[in-house]
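Chain A is the first sequence line, chain B the second, and so forth, proteins listed ahead of strands; every chain is numbered from 1. Source: prediction; values computed, not measured.
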Protein chains: 2
Amino acid sequence: MNRADQDACRAWQLLMKFFFAQRGHLPASGAEFDLSPIQCHVLHLIEPGRPLPMSRLADTLSCDASNVTGLVDRLESRGLVRRRPSPRDRRVKVLHLTPTGARLRARLLRQMAGRSLPLSRLSLDQQRTLVKILEALVDEK
Amino acid sequence: MNRADQDACRAWQLLMKFFFAQRGHLPASGAEFDLSPIQCHVLHLIEPGRPLPMSRLADTLSCDASNVTGLVDRLESRGLVRRRPSPRDRRVKVLHLTPTGARLRARLLRQMAGRSLPLSRLSLDQQRTLVKILEALVDEK
DNA sequence: AATATATAGTTGACTTTATCAACTATATGC
DNA sequence: GCATATAGTTGATAAAGTCAACTATATATT
């Protein structure tokens, strides 16, 4: 294994660790919101006023479409999210937050950004560098 | 929400995105090894010659001990891992890799390093910075 | 236009992941 | 010795995840 591979390996291992460590912090907020880590993430991905097709969600989560059906079922039954048929393509259903969902999402974000988050260990500089690197990685625009 | 919170939020969102994107690459290898993402991670955490108490595993994964029982059951039934009573404390069971498990782990690491292509988008400098920042995040060392 | 093919989402059967409460066995503190 | 804490298992249960089969729309080809 060459040097670059080692870095890649290491980064992956650290990400996994981060993910699970982060998960450990969620229950503290989760007790309040009663959301699983994945539900948090889904809520996070649906930005207010920016409806998200279910297929895109499956894509982002790298999971089967039928799994998304279940995830959305549970969120919808709690009144956080709603499905709407797309006017452009009637096969597509887009997800949008209900007012309750948007409120919960906002509270959730505040919590996550708050001191329960290990991210606060980083300096502002580091946080910005991290964001830049991750943006390059995820190839967002 | 202030500026620092926004950065933290953004970083978190990107980390989660990256994590799931990365996870999407696993099944490709998983098809070969038939390991779930979590099983991969557990195998990753048990370093050869460095037996791991089950309680520490539960700790690292931030999950209930009974969950670890199941995870280890499945890995053990496939001959990748074995439980051994600790000589110091007879309540404790330490996990160690079987030769098969060690071999699989090595192949897995090679695969993951090869497949985590997005990392190759980064310069070597950026890769190292990322590793450093992630280390600070998970508070290793 | 008619037919073929591809895509979005759901359903049903099934496995894995995860939690909680209750239990066994061992350690540790007084 | 007795109380209390800790490590791990078991059983019940729910959520997360996959796959194959299905419905309904879209799009592409002839």
Let me know the distance between [atom1] of [X] and [atom2] of [N], rounded to the nearest Å.
X     : N      : atom1 : atom2 : result
A:M16 : C:dT17 : CE    : C1'   : 13 Å
A:D34 : D:dA14 : CG    : P     : 14 Å
B:L35 : C:dT15 : CG    : C1'   : 15 Å
A:M54 : D:dT25 : CE    : C1'   : 16 Å
A:L71 : C:dT11 : CG    : C1'   : 16 Å
A:Q39 : C:dA18 : CD    : P     : 14 Å
B:R88 : D:dA7  : CZ    : C1'   : 16 Å
B:I38 : D:dG17 : CD1   : C1'   : 9 Å

Mind checking whether [X] and [Y] have side chains closer than 4.5 Å, heavy atoms only?
X      : Y      : value
A:V92  : A:P85  : no
B:L97  : B:L104 : no
A:L43  : A:Q39  : no
B:R105 : B:E47  : yes
A:P51  : A:L95  : no
A:V131 : B:L14  : yes
A:L45  : A:L61  : yes

Practice item. Just call it for A:N67: base, sugar-phosphate, or nothing, with non-hydrogen atoms closer than 4.0 Å on any strand. Key: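 Since a base atom lies under 4.0 Å of A:N67, the category is base.
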Review point. When all nucleic acid strands are considered with a 4.0 Å heavy-atom cut-off, which category describes B:S66: base, sugar-phosphate, or nothing?
Key: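 Base contact - B:S66 has a heavy atom under 4.0 Å of at least one base atom.
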Enumerate, atom names and distances included, each donor-acceptor pair closer than 3.5 Å involving a side-chain atom of residues 75-82 of chain A, sequence neighbours excluded.
| unit_1 | atom_1 | unit_2 | atom_2 | d |
| --- | --- | --- | --- | --- |
| A:E76 | OE1 | A:R83 | NE | 2.9 |
| A:E76 | OE2 | A:R83 | N | 3.1 |
| A:S77 | OG | A:R74 | O | 2.9 |
| A:R78 | NH1 | A:D34 | O | 2.6 |
| A:R78 | NH2 | A:F33 | O | 3.0 |

Review point. Closest approach of B:A58 and B:A65, non-hydrogen atoms and distance?
Key: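 Closest approach of B:A58 to B:A65, heavy atoms only: CB-CA, 4.2 Å.
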Point to revise | Closest approach of B:I38 to A:F20 (non-hydrogen atoms, all atoms of both residues) | key: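 That would be CG1-CZ, 4.4 Å.
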Review point. Given C:dT16, is OP1 or OP2 found less than 4.0 Å from the side-chain N or O atoms of B:S36?
Key: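 No, outside the criterion.
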Review point. Below 4.0 angstrom from OP1 or OP2 of C:dA8, is there any side-chain N or O of A:R90?
Key: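 Answer no for this pair, as no side-chain N or O of A:R90 is under 4.0 Å from OP1 or OP2.
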Review point. A:D89 or A:D64: which one's nearest nucleotide on DNA chain D is closer to the 5' end?
Key: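 Upstream on the strand: A:D64.
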**Study point:** Comparing A:P87 and A:L61 on DNA chain D - which has the more 5′ nearest nucleotide
**Key:**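 Residue closer to the 5' terminus by nearest nucleotide: A:L61.
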Are any protein N/O atoms closer than 3.5 Å to N/O atoms in nucleotides 3-7 of chain C? If there are, list each pair with its distance.
| unit_1 | atom_1 | unit_2 | atom_2 | d |
| --- | --- | --- | --- | --- |
| C:dT7 | O4' | A:R91 | NH1 | 3.4 |
| C:dT7 | O2 | A:R91 | NH1 | 2.8 |

Practice item. With a 4.0 Å heavy-atom cut-off, tell me which residues in residues 72-84 of chain B come close to DNA chain D, sorted by residue number. Key: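 Under 4.0 Å from DNA chain D: B:R83.
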Check your understanding: With respect to the side chain of B:K93, which nucleotide from C:dT10, C:dT17, D:dT9 is positioned closest?
Key ->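 So the side chain of B:K93 is nearest to D:dT9.
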